[in-house]
Structures are given as C-alpha cells and as structure tokens.
Amino acid sequence: MSLPIVRTVAELRKTVAGWRRDGANVAVVPTMGALHEGHLSLVQAARKDADRVIVTLFVNPKQFNNASDLSGYPRTEESDAAKLAPLGTDLLYAPGVDEIYPEGFSTNISVDGVSQGLCGAHRPGHFDGVATVVTKLFLQTGADLAYFGEKDFQQLQVVKQLVRDLDIPIEVVGCPTVREEDGLAMSSRNVHLSEPQRRSAPSKSEILFDVARRLSRGAPVDETLASGKQAILDAGFDEVEYLELRADEGLLPIDRLDRPARLLSAAWLGETRLIDNVKVEPR
Ligand code: PAF
C-alpha cells in the first residue's frame, strides 16, 4: 500500500479538484510529522467522517521560538508515510518551506484573547506561527473538516477562533488526548526524554488528574494549584511554567469552579517541555 505524496499547492489543488468532481467531502489532519498514536487517532476519526483524508506534514519554522528546538525537531517522513498508508489516508501533503513561505511572504495571522497567557506567554510568536500556517493549510486544501488533538488545548481554541473570525468554511473537530499506558500524554517530544526522565514524566499527568479531582470536590482553587505545582517539582520536574485553571469555553482565567473548566500545565523535565491538560467538572 503506497501513499501518494504531493509537495506543491498546485498538485494538491488538482487532486482535491478531482475528488470534488466525484462529490467527495474532504478532511485534513495538520501535523508536523514524527507521528504517534495520537496523530493516528485523528486520522482514524477523519477517516470515519470524510470520503477523502489529507494529512499534512510541515515542520513550521514560524511557530518555533527557539532555533535549537526547530533544528532538533524529529523528521521521520518515511516512517510517517508507512504509518499513514494502512489507515486509508488518501494523500500526504508535505511541502517544503519555500512552498509555504515563498520569498516576500509577509502576512501574519494573530488571534487575540485565547492566544494570551499559558503557552502564549511562554512562547512569544508561537500562536501567530500556528494561526498563519493553519490558515494557509485550510485555504490550500479547501477541506470541509479539520482534526486537532485536545492535548494542545490552547492551540485548538486558537484554531476554532480564527475559523470563526475569518469565516473559513471548515469544521474544526477536537479529539481526546491519547495517553501511554502509564498516563503520559503522547507527544513527538517524548523521544527526547532520557530513561530516568521518561520514568518521571507520567507523574505530572497523575498530579493533574489528582488536582482536577480535588477541585471538583470543592477544594479552594489557589491553594490546590499551589500544592499541585509543588507536587510536580517534587516529582523531579525542573520548572513548572504554569498550572492554571481556565474556563473550558474561551479559556478565561477562573478562580472558582463555577463552570466546566480545564486544568492546563507546562513543565520542563531537563531540556524537554511537556504540556498536558485535563477537563475539570464542577460538582
Ligand atoms: O500541532 C501541531 O502539530 C502543529 O502546531 C500544527 C497544527 C500542525 C501547525 O503546524
């Protein structure tokens, strides 16, 4: 089973136009490659809903605010394609940097509100880079449906907001975080963890679930978050960038659990930054 790969917008549009003539609806799963079960679950969800599924693979330089993070990002196109083919993926769109950002490119999409705070505060320019490339991928593919993982919960809200604001005719579907057996959220960055770090990593997810349970039972928000941060450090993490409770809708900061909420965190284990989030339901 081989998977067709296209690298230019022209080839992509020609293929999609052929599908459209046959009356097909089209889904897109945007990725930066280094595919794991989390990505594959998005492709499976897309496969159920759409006649044709495009996976995009583009390591987007505009969303990296650190040159060594960009150069060290795993690039595994051949094995990615081998994972996608058996799932019935119809097309892999893997453009080069010049195809997405040709010389003279000078547009920036910036989403206010949901981009602020959390990862937005710690990775300047990151969400502008995500919003710009995702807008391009939506316009280039012309897909009807797009699939994103809830692990990058703030990213999902940014994408939903830009689609609403720019009237892009695409439905954004959020899919649940896929976890390893020990609870660690799957991420392309997990490959950077050393063996001892990999053993410590799942403790952050356990702490998140524990904090979420305590909040749901009515524990005071500020104190519970402070003890959660300390627990993450005690578990061997080097730095907690944030552990915050936000409204599930709109991501506004909340200090009382009076509506469905998200507990979101980012923390460093050595050189690796791990993000995760869990839903928190009021009693
Ligand atoms: O989540 C990712 O892998 C990336 O941020 C995305 C959505 C593919 C944009 O580059």
Side-chain angles (χ1 to χ4, degrees), residues 7 9 12 27-43 45-46 53-66 69-77 79-81 83-84 89 91-101 105 107-111 114-115 118-120 122-141 143 145-163 166 168 170-178 185-192 264 266 272-277:
R7 301 197 187 272
V9 190
L12 171 69
V28 63
V29 181
T31 82
M32 297 204 299
L35 302 182
H36 50 66
E37 290 296 324
H39 297 110
L40 303 186
S41 74
L42 303 179
V43 178
V53 177
I54 304 169
V55 174
T56 70
L57 192 174
F58 178 64
V59 182
N60 175 30
K62 279 199 191 296
Q63 69 185 79
F64 287 80
N65 50 328
N66 175 325
D69 193 19
L70 173 61
S71 61
Y73 202 84
R75 289 159 207 258
T76 54
E77 182 180 308
S79 65
D80 290 341
K83 288 174 189 168
L84 291 171
T89 310
L91 192 69
L92 180 62
Y93 174 48
V97 175
D98 292 345
E99 188 69 13
I100 297 290
Y101 302 120
F105 185 88
T107 296
N108 184 51
I109 309 275
S110 190
V111 178
V114 286
S115 290
L118 305 169
C119 290
H122 294 272
R123 302 186 67 189
H126 169 69
F127 286 122
D128 285 11
V130 170
T132 304
V133 81
V134 165
T135 303
K136 289 204 67 153
L137 294 171
F138 286 176
L139 296 176
Q140 291 178 346
T141 58
L145 299 149
Y147 293 76
F148 292 83
E150 285 190 348
K151 193 202 127 234
D152 296 291
F153 195 75
Q154 191 176 14
Q155 167 173 281
L156 174 61
Q157 306 313 311
V158 169
V159 172
K160 284 184 172 171
Q161 184 74 47
L162 83 84
V163 161
L166 299 180
I168 301 179
I170 194 165
E171 185 187 335
V172 177
V173 182
C175 299
T177 301
V178 177
M186 289 198 185
S187 162
S188 307
R189 293 175 196 277
N190 292 351
V191 295
H192 297 312
L264 305 106
T272 308
R273 183 174 183 272
L274 296 177
I275 62 169
D276 200 351
N277 70 84

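Just so it is clear, the structure is predicted and the values come from calculations on it, not from any experiment. Counting starts at 1 for both ligands and their atoms, following the listed order. In what follows, every heavy atom counts, from backbone to side chain, and hydrogens, waters and symmetry copies are set aside.
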Q: Give the single entry among Met32, Lys62, Gln63, His39 that approaches atom 9 (C) of ligand 1 most closely by any heavy atom.
A: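 Looking at heavy atoms only, the winner is Gln63.
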Could you tell me, atom by atom, which parts of ligand 1 come under 4.0 Å of a heavy atom of [X]?
X	answer
Phe148	7 (C)
Val133	9 (C), 10 (O)
Pro30	8 (C)

Could you tell me whether the side chain of [X] and the main chain of [Y] form a donor-acceptor pair under 3.5 Å?
X	Y	result
Glu77	Gly33	no
Asp80	Leu35	yes
Asp276	Ala266	no

(Q) Below 4.0 Å, non-hydrogen atoms only: which portion of Thr31 touches ligand 1? Side chain, backbone, both or neither. (A) backbone
Q) If you measure every N/O of Gln155 against every N/O of ligand 1, is any gap under 3.5 Å? A)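 Gln155 vs ligand 1: N/O contact under 3.5 Å present.
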Q: Evaluate side-chain hydrogen bond (donor to acceptor under 3.5 Å, both in side chains) for Tyr101 paired with Asn60, printing each intermediate quantity in order.
A: CA-CA 10 Å; Tyr101 302 120; Asn60 175 30; 2.6 Å; yes
Q.
Please identify which of these residues, Arg273, Arg189, His192, meets the side-chain hydrogen bond (donor to acceptor under 3.5 Å, both in side chains) condition with Asp69.
A. Arg189
